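Single-structure report; data block below.
Everything numeric here is computed off the predicted structure, so don't read it as measured data.
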Number of protein chains: 2
Amino acid sequence: MSESRTQDLSDSSAEARKPVRSGKSSATIYDIAKLAGVNPSTVSRALSKPGRVSAKTQKLIEDAAAQLEYRVNPFARALPTGRTNTLALIVADITNPTFFGIIRGAESTATARDYTLMLAESAESADTELTAARRMLTTVDGLILASPRMDDARIRELAREKPVVVINRQVDGVPSVVPDVNKGIGEAVRNLAANGHRKVAYVAGPPQSWMTTRRWEGVKAACEWSHLECVQLPSSKPTVDGGRQVARDVVASGATAVMTYNDLLAIGLMQELQAAGVQVPDRISIVGFDDIFGADFTTPALTTIRSPMTACGTEAAALLLEVLHGAEEVSPALQVETELVLRGSSGRLLASGHPA
Amino acid sequence: MSESRTQDLSDSSAEARKPVRSGKSSATIYDIAKLAGVNPSTVSRALSKPGRVSAKTQKLIEDAAAQLEYRVNPFARALPTGRTNTLALIVADITNPTFFGIIRGAESTATARDYTLMLAESAESADTELTAARRMLTTVDGLILASPRMDDARIRELAREKPVVVINRQVDGVPSVVPDVNKGIGEAVRNLAANGHRKVAYVAGPPQSWMTTRRWEGVKAACEWSHLECVQLPSSKPTVDGGRQVARDVVASGATAVMTYNDLLAIGLMQELQAAGVQVPDRISIVGFDDIFGADFTTPALTTIRSPMTACGTEAAALLLEVLHGAEEVSPALQVETELVLRGSSGRLLASGHPA
DNA sequence: CGACCTTTGTCAACCGGTTGCCAAAAATTG
DNA sequence: CAATTTTTGGCAACCGGTTGACAAAGGTCG
């Protein structure tokens, strides 16, 4: 039942191709060494360092490894080297569709590069986030933080221990991937202006969100450019429910077009307006942010400024891998483009909106 | 901010609270041993095996550990023991909202029990799924497969190496968590019957899906019980688009109520019917499955049979942990209840539906 | 007070790779 | 063909915990 030196047995019978070992524990480089008749360290070199071993020895070892169905023990490798071929991704809320794309993008890039992704969520809590980050940091090669809730100082602290990339945020000295909101916002505001709107309301996200500020500033700038009036309205929480609650304020503001911090707010707002008999888009146009899953389920379908979340995930993982593979200088803040996705919730103003 | 013996030190100077070590690498049990004046193996016992060490030594060691901000090196621990405190979860499609709940449930249970969750997706491919499973299996203590696409034999093969739990599937000899569809289906069909419907169409999912068969059988049985006619219609794919495509067949079938394999199909179907001028629910009632995120964004909101996906994830993780912690006998197939969520897409039949 | 049983702590081997150092072997060169 | 350089492979230490075997110390009892 034991390994070694089956090589020169002609593999006549069917079980000759079965791995020689029978126990459930997997083969080690020592088994390979015995089978191939070389030293374990030679096996180690053949399998990790390329070109450090003669071609025929290499072949001998690879064949033996294949025969034994050898798979490297990640822990044994990680112990001396510290390398784990694992990345961590922490998101604020697993059920928030904004993050789905990020998760998928990061996962696919990681897998493609033979890394494994570990996922954790912070449940929107800065403390939980930090705890999770600390815990995972001991196990992974690098960390991706998507829309982190903790403060800059802590992020930098983590970044001193292992490479960190942040998404939807900028932190000095930490590489990041952020959507460049201006293009999408510009398109949206120009479209609103062209459709006769003169006043735009921006429904803000959580005050501590870095992104809501960027978006508001983008909206403000684009409105100035197009000579539109604009006003910011706070929201209780960035969810469908929060969107419902802000509907009264929106109507009271006299704006005929609304842009919201995210699509969830937009959807809730639309539901509430429709329930109150306010036609969308005839009386009020609505533009969301992100183009989340389900944004086109509504009637009318939601016009929104799409952030390429999958690309964010992909780029963040790629950036992290670059750093891990020794790139000294990486672009500190990678921008990805946003674009307007025009659907039914925005359009020409019919009933003249602000006669007062 | 820091733990350990800062209590009786007046925390005068700022660096008094800093850990004693200066380098970036973290403390080991040897550092603790030196600081506490005991042998490293004593430290190991104090920190893992309870009651194996005298109370005062225990305290000494714990204080030293806290002072050094010691955190165990998972690799060093995993190497001799094989335990990693890590679970793997493989889902068919990260962007399919059906899995969000599962992911969140599993993640929260794992974290609560001090395990970490590793996530991978199979992109709906049985091969990718198997590859991912094999790769992760070397690294984790156990594996959760959500709606696996590979065949029973391979699942059993994996289960021989490490504990496995499947969700939305039953495999002989492998513990599983499956929604019991009958309750929800029964509620739905009774409701349809009470609203005057006489013929129900079931839009099926992918033929290889274990679940679509269960649901069809449930629908068939419930319809028989309520003396309703029922018919099964195939779909091209279980997505919004697939739902649109099946709309013609639905109308042609003469059914006045439709139940679909999942909510995506239901949403697509509703969009297409409305586009064709067929009133929902006045002419055709629609009932989906799962109650995914966004099911209530549509107009009318979608009536659906909710599967408690979060509970599935929670239960699966808990089951797996039970097995890992030595429970010999675990219930082979855990059932979770489903329930009807009544919204606007189903209701009383107005125009008499099948006069032909 | 000595025999015997616990409790507590120490020693050393081990998990499975990696890697610096060195010697043997092979290839190159004069 | 010997001398020198370059390859190649072997030895052994190391990563940081865990654990069985055992000794020392402490406690109980006749």
Reckon A:R77 has a side-chain N or O less than 4.0 Å from the OP1 or OP2 of C:dT18? yes
I want to verify a distance call: between D:dT18, D:dG16, C:dT19, whose nearest atom is closest to the B:I29 side chain? D:dT18
So, is B:Y70 close to the D:dG17 phosphate, meaning a side-chain N or O under 4.0 Å from OP1 or OP2? yes
Tell me the closest heavy-atom pair linking A:D141 and A:P163, and the distance in Å. O-CD, 3.5 Å
D:dG16, D:dG10, C:dG17: which one has an atom nearest the side-chain heavy atoms of A:V38? D:dG10
Is there side-chain contact between A:L87 and A:M118, with at least one heavy-atom pair below 4.5 Å? no
I need the CG-C1' distance between A:L68 and C:dG16, as an integer number of Å. 15 Å
d(CZ, B:R45; P, D:dA21) in whole Å: 12 Å
Side chains of A:T128 and A:T131, donor plus acceptor under 3.5 Å: no
Considering only heavy side-chain atoms of A:V53, the closest of D:dG9, D:dG17, C:dG17 is D:dG9
To the nearest Å, how far apart are B:L47 CG and D:dG16 P? 16 Å
Rounding to a whole Å, what distance do you find between B:K56:NZ and D:dG26:C1'? 11 Å
If you measure only the distance, is there a donor-acceptor pair under 3.5 Å linking the side chains of A:R135 and B:T116? yes
From D:dG9, D:dT18, C:dT18, nucleotide with atom closest to B:S44 side chain: D:dT18
Separation of C:dT7 atom P from B:Q58 atom CD, nearest Å, is 16 Å
Nearest-neighbour nucleotide for the A:S41 side chain, D:dT18, C:dG17, D:dA12 considered: D:dA12
Euclidean distance, atom CZ of residue A:F75 to atom C1' of C:dC14 [Å, nearest integer]: 17 Å
A:K49 vs C:dT19: side-chain N/O to OP1/OP2 distance below 4.0 Å: yes
For residues B:S125 and B:S122, is any side-chain donor paired with an opposing acceptor at under 3.5 Å? no
The answer to which of B:L79 and B:G37 contacts DNA chain C further toward the 5' end, by nearest nucleotide, is B:G37
Side chain of B:N39 only, please: which of D:dG17, C:dG16, C:dT10 is the nearest? C:dT10
Counting only side-chain N and O atoms of B:T57, is one of them less than 4.0 Å from OP1 or OP2 of C:dG9? yes
Test for a donor-acceptor pair under 3.5 Å between the base of C:dG17 and the side chain of A:R71, counting only N and O atoms. no
Taking for each residue the nucleotide of DNA chain D bearing the nearest heavy atom, is the 5' side occupied by B:N73 or by B:T42? B:N73
A:I32 CD1 to C:dG16 P: how many Å, rounded? 13 Å
